Amino acid sequence: MNAPEVRCEQGQRQVFCGLSGIVWLHRKIQDAFFLVVGSRTCAHLLQSAAGVMIFAEPRFATAILEERDLAGLADCNQELDRVVAEVLERRPDIKALFLVGSCPSEVIKLDLGKAAERLSEVYRGRVRVLDYSASGLETAFTQGEDACLQSLLPELPTRPAGERSLLVVGTLPDVVEDQFKRLFTDLGIAPVEFLPPRHATQYPAVGTSTLLLAAQPFVGETVRTLQRRGATLITAPYPFGIEGTRAWLRAATQAWGIPAERLEAVTAPVIARAEKALARQRERLAGKRICFLPDSQLEIPLARFLQRECGMELIEVATPFLDRQLMEAELLLLPSDLPLTEGQDLERQLERVRAARPDLTVCGLGLANPLEAEGLRTKWSIELVFTPIHGFDQAADLAELFARPLVRGALLKV
Ligand code: SF4
């Protein structure tokens with residue numbers, strides 16, 4: 001099948017910035033702390049993105065740049081050193097500290113790379129201090145993860161040539177990571193490691209015999225940096241839904257030289273279970289019309305799942321950036337006449353949504369309420385990044401995330 005043509009749009013955009021990635025990254029790397037060097041706006045964004053997490057003991061905070069800092073009247077580096085000392089005294093369990101750059105820290109040209117080097121020296125042997133930028137209104141919120149993972153890459157040891165390994169790239173919830181680990185073991189693929197790791201002291205080794213399997217479509221720069229270290233990318237669709245997960249595992253087994261019969265034997269029971277659970281959700285979704293606005297970079301693989309496995313009709317799929325290298329296998333699974341948009345011109349896009357009046361629109365938090373007020377049902381795209389949705393066992397849960405607003409809408413109508 002031919003891939004659909006891509007229409008590029010530019011104009012006003014409405015997306016979260018990369019700081020949102022901290023919410024899932026701090027849950028994943030259990031001994032890391034994320035210190036945002038930013039303004040009160042950054043602190044508010046983090047708190048609203050994190051929702052209930054503010055009631056837990058979080059491993060993220062914002063070092064607030066006050067007006068004096070922004071006017072260049074204070075020594076920001078001294079302030080930063082003081083805040084870092086406080087954090088590390090309070091949290092002796094922390095093994096990696098990320099200094100996260102924001103728009104304000106970039107405006108005043110605060111060199112967080114140098115600060116991270118200096119602080120790494122001060123806390124040598126106890127805490128590794130790293131830095132990355134999550135700033136910008138021009139970036140999608142999932143790009144924060146790509147930037148974070150890139151800052152980790154220099155820490156990864158080198159695996160000797162000829163020592164084969166599989167590295168899964170992109171954050172997966174622990175429960176999903178464990179399911180995949182079991183499947184890889186049953187398939188005879190080992191060693192398998194995951195990036196980011198659960199602990200900042202357990203970095204996976206990478207070398208010329210490392211095979212890369214992307215679990216998230218928004219880790220393109222990380223993958224390309226690993227390729228420059230000699231690793232090889234396995235091209236595959238993403239493990240969303242039964243079809244996507246089977247194709248993802250098939251690509252790994254083919255690269256490893258494992259016969260197709262073994263894949264079938266290992267996956268048959270879990271696929272049978274997943275098909276039964278998914279059938280219930282398919283009844284609710286089949287024939288419904290859906291539109292994706294650009295936000296999470298998950299739009300393309302999720303649209304493929306909803307169209308091919310749940311019978312939904314795709315009205316338009318828009319993505320903030322199209323990384324052709326990481327989307328190669330996915331694009332071929334979309335209908336060739338699909339309206340596929342890269343980028344955003346907000347007003348024009350909203351006009352198309354209003355004209356089409358789809359049953360469901362997947363969009364960012366800021367657009368959901370106005371669209372709901374116009375009688376359109378919406379789904380928050382950020383929820384898709386916080387919820388376990390990968391793999392066979394989550395296929396029905398993923399479909400249910402889209403079915404829920406439709407069911408609620410139908411009840412409200414009654
Ligand atoms: Fe902070 Fe910039 Fe993100 Fe706003 S867009 S929250 S100023 S980093």
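Indexing begins at 1, ligand by ligand and atom by atom, following the structure's order. Quick caveat: nothing in here was measured; it's all calculated off a predicted structure.
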In terms of relative ring orientation, are F180 and W248 parallel, tilted or perpendicular, with 30° and 60° separating the classes? tilted
Under 4.0 Å from one or more heavy atoms of C103, ligand 1 contributes atoms 2 (Fe), 5 (S), 7 (S), 8 (S)
C17 heavy atoms within 4.0 Å reach ligand 1 at atoms 3 (Fe), 5 (S), 6 (S), 8 (S)
Output side-chain donor-acceptor pairs under 3.5 Å for residues 338-346, partner residues at least two apart or in another chain, one line each.
residue, atom, partner, partner atom, Å
T341, OG1, R7, NH2, 3.2
T341, OG1, E316, OE2, 2.7
E342, OE2, L322, N, 2.9
Q344, OE1, Q14, N, 3.0
Q344, NE2, Q349, OE1, 3.0

Honestly, for C42 the part within reach of ligand 1 (heavy atoms, under 4.0 Å) is both
Does a salt bridge link E351 with R348, judged by any charged N lying under 4.0 Å from a carboxylate O?
no
Indicate the ring-plane relationship of F60 and H26, choosing parallel, tilted or perpendicular according to the 30° and 60° boundaries. perpendicular
Interatomic distance, CD@E400 vs CD1@I389, rounded to 0.5 Å, equals 13.5 Å
Here the atoms of ligand 1 under 4.0 Å from any heavy atom belonging to S102 are 8 (S)
To atom 4 (Fe) of ligand 1, the nearest of T62, T41, L19, V100 on a heavy-atom basis is T41
